[in-house]
Amino acid sequence: MTDILKAAFIFVAPKSNAQTHSAWVNTEHVHVKTIAVSNYQQGCDILDGLYAEGIRAIELCAGFGHQGVARIVEAVAGRMAVGVVRFDIHPLLGFQSGDNLNDHHAADIASTGS
């Protein structure tokens, strides 16, 4: 096997920034970029850049609830394979689904206008 698979592992963490919170792990056959995002939208926003880097597989952490996975799959538009790690509730997110947190964040933005 001479081809190298380029993949990304994207995880949700409060107050993270995809531009500064990322790192590569390179093996002989797989290069994986690990990226922290603060919300679903930031995860969607980085997909074009990942594709341009040659990444063809995305693994989402359990912080992406069902709605978050659906948003990523829609934004990927068939360009990359999408896999998911599952927790019904996530220990880093206060034992909640990322869907709950992102829904509340969206509601907060709508009510404040910012």
Side-chain angles (χ1 to χ4, degrees):
M1 181 176 174
T2 58
D3 293 333
I4 295 174
L5 170 66
K6 285 188 170 183
F9 177 74
I10 305 172
F11 67 99
V12 177
K15 299 181 183 178
S16 58
N17 181 319
Q19 302 305 316
T20 56
H21 297 118
S22 67
W24 282 95
V25 173
N26 298 326
T27 70
E28 185 177 344
H29 299 289
V30 180
H31 294 180
V32 178
K33 186 173 188 176
T34 302
I35 309 148
V37 297
S38 60
N39 56 51
Y40 295 168
Q41 187 58 52
Q42 193 176 76
C44 290
D45 291 345
I46 65 171
L47 295 172
D48 289 341
L50 295 177
Y51 186 79
E53 289 181 64
I55 290 172
R56 297 299 181 261
I58 303 290
E59 182 79 24
L60 300 173
C61 88
F64 284 88
H66 299 288
Q67 295 169 16
V69 172
R71 287 182 62 182
I72 295 292
V73 168
E74 182 178 358
V76 162
R79 297 175 293 168
M80 298 175 269
V82 178
V84 183
V85 176
R86 291 288 343 136
F87 285 110
D88 288 330
I89 54 174
H90 195 289
L92 177 64
L93 303 177
F95 296 96
Q96 301 181 69
S97 166
D99 289 347
N100 294 340
L101 297 176
N102 279 273
D103 286 345
H104 292 298
H105 179 69
D108 290 343
I109 290 172
S111 68
T112 62
S114 55

Validation: residues 52-61 side-chain donor-acceptor distances under 3.5 Å, sequence neighbours left out:
| residue | atom | partner | partner atom | Å |
| --- | --- | --- | --- | --- |
| E53 | OE1 | K33 | NZ | 3.3 |
| E53 | OE2 | K33 | NZ | 3.0 |
| R56 | NH1 | Y51 | O | 2.9 |

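- Ring-plane geometry between H31 and W24 is classed as perpendicular, the angle between the planes exceeding 60 degrees on a 0 to 90 degree scale with a lower cut at 30.
- Side chain of Y40 to main chain of G65: a donor-acceptor pair is present (N/O by atom type, distance under 3.5 Å, no hydrogens or angles).
- Minimum interatomic distance between F11 and T34 (heavy atoms only, all atoms of both residues): CE2-CG2, 3.6 Å.
- Residues V85 and F9 meet the side-chain proximity criterion, which asks for heavy atoms closer than 4.5 Å.
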- Message: Show, in sequence, the C-alpha distance, side-chain angles and deciding distance for F64 and V12, and conclude whether the side-chain contact (heavy atoms from CB on, under 4.5 Å) test is met.
- Response: CA-CA 7 Å; F64 284 88; V12 177; 3.5 Å; yes
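- Across all their heavy atoms, A13 and S16 have their closest contact at O-OG, 2.6 Å.
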Could you pull out every donor-acceptor pair under 3.5 Å between side chains of residues 41-50 and any protein atom, sequence neighbours left out?
| residue | atom | partner | partner atom | Å |
| --- | --- | --- | --- | --- |
| Q41 | OE1 | R71 | NH2 | 2.7 |
| Q41 | NE2 | D45 | OD1 | 2.7 |
| Q42 | OE1 | A18 | N | 3.4 |
| Q42 | OE1 | S38 | N | 3.0 |
| D48 | OD1 | R79 | NH1 | 2.8 |
| D48 | OD1 | R79 | NH2 | 3.1 |

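- Partners of V73 according to the side chain to side chain contact (heavy atoms under 4.5 Å, CB included) rule, which considers only residues two or more places apart in sequence or in another chain, are V69, V82.
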